[in-house]
Amino acid sequence: MVAIRLPDGNELNFDAPTTAAAVAQGIGAGLAKAALAARIDGKLMDLSAVIDRDCELAIVTAKDEEALDLLRHDAAHVMAQAVQELYPGTQVTIGPAIENGFYYDFARSEPFTPDDLEEIEKRMAEIVDRDLPITCEVWDRDDLIGVFNEKGESYKAELIGDIPADEPVTVYRQGDWFDMCRGPHLPSTGKLGKAFKLMKVAGAYWRGDSTKAMLQRIYGTAWADAKQLKAHIEMLEEAEKRDHRRLGREMDLFHFQEEAPGAIFWHDKGWRLFRKLVDYMRARQDLAGYQEIATPEIMDRSLWEASGHWETFREHMYTTQTEDDRLYVIKPMNCPGGIQVFKQGIKSYRDLPLKIAEFGKVHRYEASGALHGLMRVRAFTQDDAHIFCTHEQLESECAKVVRLILDIYKDFGFEDVRIKFSDRPEKRIGSDEVWDNLESALKGALEHLGYSYTLNPGEGAFYGPKLEFVLRDAIGRDWQCGTLQVDMNMPARLGATYVGEDGERHQPVMLHRALFGSLERFAGILIEHYAGKFPLWLAPVQAVVATITNEADGYARDVQERLVAAGLRADIDLRNEKINYKVREHSLAKVPLMLVVGGREAENATVAIRRLGGKAQEILELDQAIARLRVEAAAPESIR
RNA sequence: GCCGCAGUAGCUCAGUUGGUAGAGCAGCUGAUUUGUAAUCAGCAGGUCGUGAGUUCGAGUCUCUCCUGCGGCACCA
């Protein structure tokens, strides 16, 4: 007797074990046709899975969110089958569903070309048309290893070894093609549909290990229907238009050139944005009780040996040798400098917590392949700070930083910030007790504030756990921005102490934190986030005064002067061009405000305001306009 | 760093089987004085990323290096 409860509360009873497929059939032919998988006691299973005990069952159809993952995983299998049909001798390795799609890693000596992708896509469609049933088989692991070895599938054979001994090894078969896979899968290849597209080929290391073989990864996107696929492709096209590298050129914000790979040439307009970000952060930090310092760009190698960075990151450091044979390090981080400031004079427990900030430009010789526009560079500016405090103050100081970061992101419209918590790594220093303390302080800060986070086990720094605050770019790539790290190491290595209540010297806990993280990266994210259409307070050029004929030139100059005097960043366009031309040009340049002046405005001391993206104009008296724009252009409330 | 792809005028791109570089926009000059997303005409602009090789001849073929792009690895 098997009792199956359905989501609507009904209970079905069976005398003998059954399958989800049979249950669906029993409920109705329509459901049986639409059924893709089953959720049995919360676990996603094949439709054909045998049900031999009481359970809760939900039939999964294309309408369910989770169906998409199944479908994408199937797409990966179908692609692998297509590839092996077309290119015999190609080995399959792993191929999971991922956000928006799937990939599969192949081992093949010939590279896949864009033409190959088209062929593979066609063959995938054929396999869908064949509507091959997808069936699951449980295998003996040694038998399966034998089969894979015989087929020359050494990667697959290697994978089997990693499956825990008590877990069954399952194989999914579609036609005469099969793959070792945990499943679940759709009932047949026909259910996949054709709303998929192969996107790109890329290299990927076997098992994500750079010492192992380089495989070829084919990425695809897959959706429930053609409409979703089209929407996704359109989203990517839109995202490309707001790529910060493209907007950086189009809006004359910055450039790169060969002589300085990974280093930015900021142009006037881009630098205005950068300066605005610094101004903003400085104001926030002033309000939050931080000091601000500046430390040397280059310091003797010995300091970096003492801090431990020399040993760990030597190959990523820029150095410079002087005539006197001293080797200096161009700073890759600010903490050793910050600690030198802390160490001046004797610090008392009464001085703690001491918050020392620095807008520090650092240089790191990053791997060439890592460079990416403003997001990953070799020279960047951190809005860095080091908070020296006692163990007792640790959690509340962490909480203050977390609150500050999220509050700051809100001023830029980022509400959906992901927080990652990285705990103790294998290779670490310090006792487990200290780690317990540090981790619980960090976690406690998050939990008391009610923020959710994801865990990155073992990803902490060797000296302490860390939080990372992750923002997304226009095409869904994640970039780490803010960070908060707890450090018991550096103060000890560099000899930072304070005198406690007991008159003894103690070692402070040191928090490393950056809120924007890298100003360059944050600027890049903002460019994409706003698609170049910055809010008024951030816009490099806030307004352009444009004339209709040169009869209004004199008045236009007055208007611009008044705007500038009111603190607005205003340009003027006196060129002998039609107003249509000027409107178009400044609109494309994404200037938020155009103040159009012609004979009428000059005569009446008014301006015609046109807002970016708007059609209508608004005629205002000049005084009134300036008063209003001044208010509109004000920085966020938080720093007023 | 690794795998793959790319580099032609400031930008976007064209350039047939190797025969000695072209367009649009931008720029400059002139005309036009214009009312909310491109006024017209003319001019100028490139040792085709770098270095080598093959060839009678290379933007086109081969190799080196540089830079970029897409991933992977890395990210104190």
Side-chain angles (χ1 to χ4, degrees), chain A residues 103 105 108 110-114 199-219 243 245-246 249-250 252 255-262 304 307-317 331-336 362 364-373 375-378 380 382 459 461-464 466 468 475 477 479-480 483 485 487 489-490 512 517-518 521 546-553 575-589 594-601 608-617 619:
Chain A
Y103 68 76
D105 287 348
R108 175 181 183 236
E110 288 281 291
F112 289 110
T113 66
M199 306 300 281
K200 58 201 174 196
V201 196
Y205 294 108
W206 169 233
R207 321 212 97 182
D209 183 340
S210 61
T211 64
K212 297 207 160 89
M214 177 64 67
L215 306 171
Q216 295 188 65
R217 174 172 298 178
I218 302 181
Y219 282 96
D243 186 304
R245 293 164 298 188
R246 174 175 172 157
R249 186 178 58 243
E250 288 176 358
D252 193 17
H255 84 271
F256 289 91
Q257 63 188 50
E258 282 195 21
E259 293 83 349
W304 303 96
S307 72
H309 291 106
W310 182 266
E311 201 186 328
T312 324
F313 293 107
R314 166 71 193 95
E315 67 280 16
H316 295 293
M317 288 178 171
K331 69 175 173 181
M333 53 191 321
N334 304 299
C335 28
V362 296
R364 298 177 180 179
Y365 184 74
E366 302 287 9
S368 56
L371 303 181
H372 182 100
M375 306 298 205
R376 194 78 186 273
V377 288
R378 285 180 174 159
F380 62 100
Q382 294 178 311
E459 294 291 310
F462 67 95
Y463 49 73
K466 67 178 175 188
E468 287 173 354
I475 56 172
R477 280 184 292 212
W479 297 97
Q480 185 211 305
T483 177
Q485 303 173 17
D487 181 5
N489 177 44
M490 208 73 69
H512 304 243
S518 146
R521 172 180 296 178
T547 51
I548 289 169
T549 69
N550 7 90
E551 277 170 23
D553 284 4
R575 289 174 306 172
N576 173 13
E577 294 290 352
K578 288 189 169 169
I579 194 62
N580 283 331
Y581 181 86
K582 295 186 182 182
V583 166
R584 176 180 159 80
E585 193 162 88
H586 299 300
S587 298
L588 289 174
M594 276 194 77
L595 277 61
V596 177
V597 296
R600 296 205 289 271
E601 288 76 14
I609 300 180
R610 184 187 211 279
R611 286 166 196 278
L612 181 59
K615 274 263 168 250
Q617 58 167 340
I619 313 272

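Because only heavy atoms are used, hydrogens play no part in the values below, and waters and symmetry mates are left out as well, while side chains stay in. The sequence lines fix the lettering, A, B, ..., with proteins before strands; numbering per chain opens at 1.
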| task | Report which part of the nucleic acid A:S210 touches: base, sugar-phosphate, or nothing (heavy-atom distance under 4.0 Å, all strands). | result | sugar-phosphate
| request: Tell which nucleotide pairs with B:U60, taking only Watson-Crick or G-U wobble pairs whose two distances are both under 3.5 angstrom. | output: none
| task | Please work out if A:G308 contacts a base, only the sugar-phosphate, or nothing of the nucleic acid, heavy-atom cut-off 4.0 Å. | result | nothing
| field | A:Y205 (side chain) and B:G1 (base): donor-acceptor pair under 3.5 Å | value | yes
| Main-chain N/O of A:A461 paired with A:Q485 side-chain donor or acceptor, under 3.5 Å | no
| task | Searching all strands shown, indicate the nucleotide that pairs with B:C65 (Watson-Crick or G-U wobble; both distances under 3.5 Å). | result | B:G49
| Proximal nucleotide (of B:G35, B:C2, B:A37) relative to the A:M214 side chain | B:C2
| said: Strictly distance-based, threshold 3.5 Å: is any side-chain N or O of A:E311 a donor or acceptor partner for the main-chain N or O of A:G308? | reply: no
| request: Would you classify A:I548 as touching base, sugar-phosphate or nothing, given that sugar-phosphate means primed atoms plus P, OP1 and OP2, and contacts are heavy atoms under 4.0 Å? | output: base
| field | Check: A:K582 and A:I548 side chains under 4.5 Å, non-hydrogen atoms | value | no
| request: May I ask which nucleotide in the shown strands pairs with B:U39, Watson-Crick or G-U wobble, both distances under 3.5 Å? | output: B:A31
| query | Looking only at N and O atoms, is any donor in the side chain of A:R376 or the base of B:C75 less than 3.5 Å from an acceptor on the other one? | reply | yes
| said: What contact category does A:R477 fall into here, base, sugar-phosphate, or nothing, at under 4.0 angstrom with non-hydrogen atoms? | reply: sugar-phosphate
| said: For a quick check of understanding: with a heavy-atom distance under 4.0 Å over all strands, which category does A:T312 fall into, base, sugar-phosphate or nothing? | reply: nothing
| message | Using a heavy-atom cut-off of 4.0 Å across all strands, would you classify A:K582 as base, sugar-phosphate, or nothing? | response | nothing
| request: Choose from B:A37, B:U67, B:U36 the nucleotide whose nearest atom is closest to any side-chain atom of A:R584. | output: B:A37
| said: Base, sugar-phosphate or nothing for A:P111? Non-hydrogen atoms, less than 4.0 Å. | reply: sugar-phosphate
| said: Is there aromatic stacking of A:Y581 on B:A38 here, judged by a ring-centre distance under 5.5 Å and a plane angle under 30°? | reply: no
| query | Who does B:C11 pair with, Watson-Crick or G-U, both distances under 3.5 Å? | reply | B:G24
| message | Considering every strand and a 4.0 Å limit on heavy-atom distances, what is the contact class for A:Y463: base, sugar-phosphate, or nothing? | response | sugar-phosphate
| Closest listed nucleotide, where the reference is the side chain of A:M333 and the choices are B:A38, B:A73, B:A76 | B:A76
| query | With a 3.5 Å cut-off and just heavy-atom distances, do the side chain of A:N550 and the base of B:U33 make a donor-acceptor pair? | reply | yes
| task | Please work out if A:A616 contacts a base, only the sugar-phosphate, or nothing of the nucleic acid, heavy-atom cut-off 4.0 Å. | result | nothing
| said: What I'd like to find out is whether the side chain of A:H512 reaches to under 4.5 Å of the side chain of A:T483, using heavy atoms alone. | reply: no
| query | Out of B:G70, B:C72, B:A37, which has the shortest distance to the side chain of A:A202? | reply | B:G70
| Touch check for A:L588, heavy atoms < 4.0 angstrom, all strands: base, sugar-phosphate only, or nothing? | base
| query | Do A:Q617 and A:M594 have side chains that get closer than 4.5 Å, going by heavy atoms? | reply | no
| note | Among B:C72, B:G71, B:G35, the one nearest any side-chain atom of A:R600 is B:G35
| request: Give none if B:C75 has no partner; otherwise give the nucleotide forming a Watson-Crick or G-U wobble pair with it, both distances under 3.5 Å. | output: none
| Is the closest side-chain heavy-atom distance between A:R378 and A:S368 below 4.5 Å? | yes
| message | Applying a 4.0 Å non-hydrogen cut-off, can you work out what A:K331 is touching in the nucleic acid: base, sugar-phosphate, or nothing? | response | nothing
| task | Scan A:A461 against the nucleic acid and name what it touches under 4.0 Å (heavy atoms): base, sugar-phosphate only, or nothing. | result | nothing
| query | Rounded to whole angstrom units, what separation is found between the CD atom of A:E315 and the P atom of B:C75? | reply | 10 Å
| request: Give the nucleotide from the list B:C72, B:U36, B:G4 with an atom nearest to the side chain of A:Y219. | output: B:C72
| message | Side chain of A:E258, heavy atoms from C-beta onward: which of B:G49, B:A37, B:G27 has the nearest atom to it? | response | B:G49
| said: Any donor-acceptor pair, under 3.5 Å, between the side chain of A:E601 and the base of B:G35, if you only look at N and O atoms? | reply: yes
| message | So A:W304 and A:K331, do their side chains get closer than 4.5 Å, heavy atoms only? | response | yes
| request: Using only side-chain N and O atoms of A:R245, determine if any of them is under 4.0 Å from OP1 or OP2 of B:G68. | output: no
| query | Any side-chain N or O of A:R610 under 4.0 Å from OP1/OP2 of B:A37? | reply | yes
| note | Which of B:C2, B:U39, B:G35 is nearest the side chain of A:K578? It is B:U39
| Between A:K200 and B:G71, is there a side-chain N or O to OP1/OP2 distance below 4.0 Å? | yes
| Do A:K212's NZ or CZ and the ring of A:Y205 fall within the cation-pi criteria of under 6.0 Å and 45°? | no
| said: Reading RNA chain B from 5' onward, which residue's closest nucleotide shows up sooner: A:Q485 or A:D243? | reply: A:D243
| said: Applying a 4.0 Å non-hydrogen cut-off, can you work out what A:A204 is touching in the nucleic acid: base, sugar-phosphate, or nothing? | reply: sugar-phosphate
| request: Would you indicate, yes or no, if B:C3 has its OP1 or OP2 atom less than 4.0 angstrom from a side-chain nitrogen or oxygen of A:R108? | output: no
| query | Starting at the 5' end of RNA chain B and moving along, which residue's nearest nucleotide shows up first, A:A367 or A:G614? | reply | A:A367
| message | Counting only Watson-Crick pairs (N1-N3 plus N6-O4 or O6-N4) and G-U wobbles (N1-O2, O6-N3), all under 3.5 Å, who is the partner of B:G70? | response | B:C3
| Distance below 4.0 Å between A:R249 side-chain N/O and B:U12 OP1 or OP2 | yes
| request: Measure from the side-chain heavy atoms of A:H372 and tell me the nearest of B:U36, B:G68, B:G70. | output: B:G70
